[in-house]
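Numbering of ligands and ligand atoms starts at 1, following listing order.
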Amino acid sequence: MGNYQHLLLLILGVFWLTISLPCSVSSTTRRFEFNVKWKNVKRLCYTKSILTVNGEYPGPTIIVHEGDHVQVKVTNQVAMNTTIHWHGIRQYRSGWADGPAYITQCPIGFGKSYTYKFTIVDQRGTLWWHAHFSWQRATVNGAFMIYPRMPYPFSLPVQDEIPIIFGEWWNSNVMSIEDEMILTGDGPISSDAYTINGLPGPLYSCSLKDTFIRTVEYGKTYLLRIINAALNDELFFAVANHSLTVVEIDAVYTKPFTTNAIMIAPGQTTNVLLTANQNPDSTRMFVMAARPYLTSVFPFNNSTTIGFLRYKTTETETKPPYYNSTKLPKNLPAMEDTNFATNFANQLKSLASFQYPCKVPKKVQKQVITTISLNLQDCPANETCKGYLNKRFSASMNNQSFIRPSISILESHYKSLKSDVLFSGFPENPPFPFNYTGVDPVKENLNTQFGSRMIVVPYGTTLEIVLQDTNFLNPENHPIHIHGHNFFIVGRGFGNYDPEKDPLSYNLVDPPERNTVAVPVGGWAALRINADNPGVWFIHCHLEEHTTWGLATGLIVLGGNHPSQNLLLPPPDFPTC
Ligand SMILES: *[C@@H]1O[C@H](CO)[C@@H](O)[C@H](O)[C@H]1NC(C)=O
Ligand SMILES: *[C@@H]1O[C@H](CO)[C@@H](O)[C@H](O)[C@H]1NC(C)=O
Ligand SMILES: *[C@@H]1O[C@H](CO)[C@@H](O)[C@H](O)[C@H]1NC(C)=O
Ligand SMILES: *[C@@H]1O[C@H](CO)[C@@H](O)[C@H](O)[C@H]1NC(C)=O
Ligand SMILES: *[C@@H]1O[C@H](CO)[C@@H](O)[C@H](O)[C@H]1NC(C)=O
Ligand SMILES: *[C@@H]1O[C@H](CO)[C@@H](O)[C@H](O)[C@H]1NC(C)=O
Ligand SMILES: *[C@@H]1O[C@H](CO)[C@@H](O)[C@H](O)[C@H]1NC(C)=O
Ligand SMILES: *[C@@H]1O[C@H](CO)[C@@H](O)[C@H](O)[C@H]1NC(C)=O
Ligand SMILES: [Cu+2]
């Protein structure tokens with residue numbers, strides 16, 4: 001070999017090292033302690049005891065880097081069961097740490113601890129964590145930030161960041177809402193306020209001091225890490241006189257686009273860039289506002305949470321903030337603005353660059369078409385039901401209303417217990433095809449069947465799931481969340497999915513990649529998944545009321561031939577039932 005060739009190899013070698021180094025930097029183990037405990041908190045003039053992590057509301061922020069090993073020791077200090085879910089974390093082979101009660105694990109009982117252990121693989125951006133037991137996530141939630149190994153692929157430099165967590169506040173005890181719903185068959189009571197970082201803002205009574213205010217500096221660009229932790233509401237969000245550039249959703253980079261507002265569904269996260277480019281006048285505060293995107297006839301709280309961006313000047317430090325205007329931003333969409341929601345969703349595309357390729361399956365080995373539906377269950381003769389028409393509200397996928405068993409399905413699956421047959425055989429098509437988005441709701445039989453059947457696929461299957469909304473009770477935009485896998489939203493539309501025509505217009509180049517999809521109201525969404533993560537993965541509507549009613553199923557991905565294609569061993573402190 002000549003000298004030149006040596007030199008070339010050397011250069012190539014150095015180049016290879018340079019590009020591969022950031023990924024191969026030895027990973028760190030980051031440890032956190034989460035103590036689940038009560039804390040007295042006052043909002044809207046009501047003081048009540050809320051469930052928290054470490055007494056914080058919203059809970060502590062987890063900050064890690066891509067590639068890190070994460071260990072969170074959760075200790076339950078309250079006389080209730082609990083679990084924590086790391087929403088959107090892929091959990092490669094570590095399904096034991098995913099968290100949904102009775103899907104992957106038995107709950108952590110009073111006085112018990114469980115250490116969730118997992119590794120951050122090929123994910124960067126904003127995710128979040130929340131309790132996954134009953135409705136505890138109302139107050140037990142927080143941000144989960146993953147810093148990238150490589151510089152941000154954004155054209156603007158990020159000079160600072162602003163976490164924004166939307167939530168819902170109930171003056172009454174949120175822990176008893178689910179029990180009440182199950183007892184009476186009625187819908188949940190609606191929340192009393194929406195919140196930004198736990199604060200309702202000045203449009204609610206007694207809340208002037210509970211207002212989120214963030215000082216910004218003229219000329220700087222901020223990364224807003226926006227999380228929708230509300231229980232039952234999709235939200236619009238806008239900042240007065242500022243535009244937002246979307247750069248990442250659900251910890252996946254997107255093609256940047258600029259918008260006056262965003263729509264964000266419960267379970268979703270969206271990172272946007274905001275440049276503080278307005279006249280830096282200390283007497284002015286810019287309103288940021290969030291209110292529901294409404295597609296349902298069910299009761300909800302018709303109100304808006306606002307906070308402020310305040311420009312920093314020499315006077316800012318000494319003067320109290322002024323609330324010259326609490327006028328809502330002109331660019332905040334109206335509550336029923338489905339056109340805005342649709343146009344916004346149409347603009348979301350994977351970055352699909354050389355460094356961050358879009359790994360959408362071009363072909364699929366299996367397709368599952370499933371309705372996502374609300375239902376009305378006939379009232380048993382010996383009971384009184386308080387739902388619509390004196391029946392029980394319910395919800396289903398392919399006419400199965402999902403029942404969580406009282407064991408860990410993951411454990412049962414891992415040990416190949418006999419009960420496993422209960423957890424397979426989810427129908428691959430609606431049992432009776434009908435005009436899903438055209439049925440007169442009330443005259444039909446809206447009953448459903450109870451069950452715990454899930455979709456089972458071999459390791460590595462390329463899977464397509466088509467989610468079809470129905471008009472039962474009312475059509476509604478449902479945010480469907482899949483654990484353990486990201487998916488690619490290759491198609492969306494209104495009306496009934498057409499298996500012949502609709503695939504022709506799929507985006508197989510740069511579809512958005514997410515963990516939660518807002519399925520168009522009265523429409524459908526087609527998702528493609530590389531089922532490459534062995535385990536048991538919950539699939540459910542991220543409107544808490546719908547999960548309670550059974551709008552859920554699961555995906556069981558079998559182990560592969562190679563040891564690296566199988567689940568890790570169960571941890572020694574794995575909670576038992
Ligand atoms: C909605 O919020 C307002 C303002 O706090 C409150 O007065 C009202 O009772 C709430 N509505 C419902 C239905 O809870
Ligand atoms: C925002 O811009 C509008 C004009 O589009 C202007 O009337 C208004 O005063 C501005 N608001 C602030 C807080 O600067
Ligand atoms: C805002 O209010 C403060 C205090 O009342 C006042 O000094 C200031 O001029 C007001 N600014 C605007 C733009 O109205
Ligand atoms: C919400 O409240 C506003 C102001 O009171 C009202 O104009 C609007 O019609 C209400 N919207 C719904 C959907 O109830
Ligand atoms: C009604 O009867 C069913 C079937 O016998 C029973 O399982 C259920 O517990 C009863 N419900 C009430 C409220 O008594
Ligand atoms: C479904 O129902 C809608 C609304 O009634 C109607 O417009 C549409 O033509 C129906 N579709 C089919 C395939 O029957
Ligand atoms: C769902 O199942 C129930 C109970 O078996 C049945 O009465 C109903 O017709 C089914 N509905 C649909 C849409 O398949
Ligand atoms: C907690 O969960 C365990 C296991 O499912 C169950 O046996 C126990 O009754 C639950 N405890 C409470 C307080 O709900
Ligand atoms: Cu739903």
For the rings on F393 and Y388, is their centre-to-centre separation under 6.0 Å?
no
Any protein heavy atom < 4.0 Å from atom 5 (O) of ligand 8
yes
Of the backbone atoms (N, CA, C, O) and the side-chain heavy atoms from C-beta on, which set of F110 has a member under 4.0 Å from an atom of ligand 8: side chain, backbone, both, or neither?
neither
For the Cu ion (ligand 9), the closest N/O/S atom belonging to H478:
ND1
State whether a side-chain donor-acceptor pair under 3.5 Å links Y116 with Q105.
yes
Is the distance from the Cu ion (ligand 9) to some N, O or S atom of H542 under 2.8 Å?
no
Determine whether any heavy atom of C106 lies closer than 4.0 Å to an atom of ligand 8.
no
Taking atom 14 (O) of ligand 8 as the reference point, report whether a protein heavy atom occurs under 4.0 Å from it.
yes
So which protein heavy atom does atom 2 (O) of ligand 8 come closest to, and at what separation?
N81 ND2, 2.4 Å
Looking at the rings of F144 and W129, which for Trp means the six-membered one, are their centres under 6.0 Å apart?
no
Would T83 and Y114 count as having a side-chain donor-acceptor pair, cut-off 3.5 Å?
no
Distance to 0.1 Å, residue and atom name: give those for the protein heavy atom nearest to atom 10 (C) of ligand 6.
N435 ND2, 2.3 Å
Enumerated ligand 8 atoms positioned under 4.0 Å from heavy atoms of Y102:
2 (O), 4 (C), 5 (O)
Row check, W169 ring normal vs K48 NZ/CZ: under 6.0 Å, within 45°:
yes
The Cu ion (ligand 9): angle it makes with SG (C541) and ND1 (H546), nearest 10 degrees:
130°
Tell me yes or no: between the side chains of D98 and W96, is some donor less than 3.5 Å from an acceptor?
no
State whether a side-chain donor-acceptor pair under 3.5 Å links N301 with S190.
no
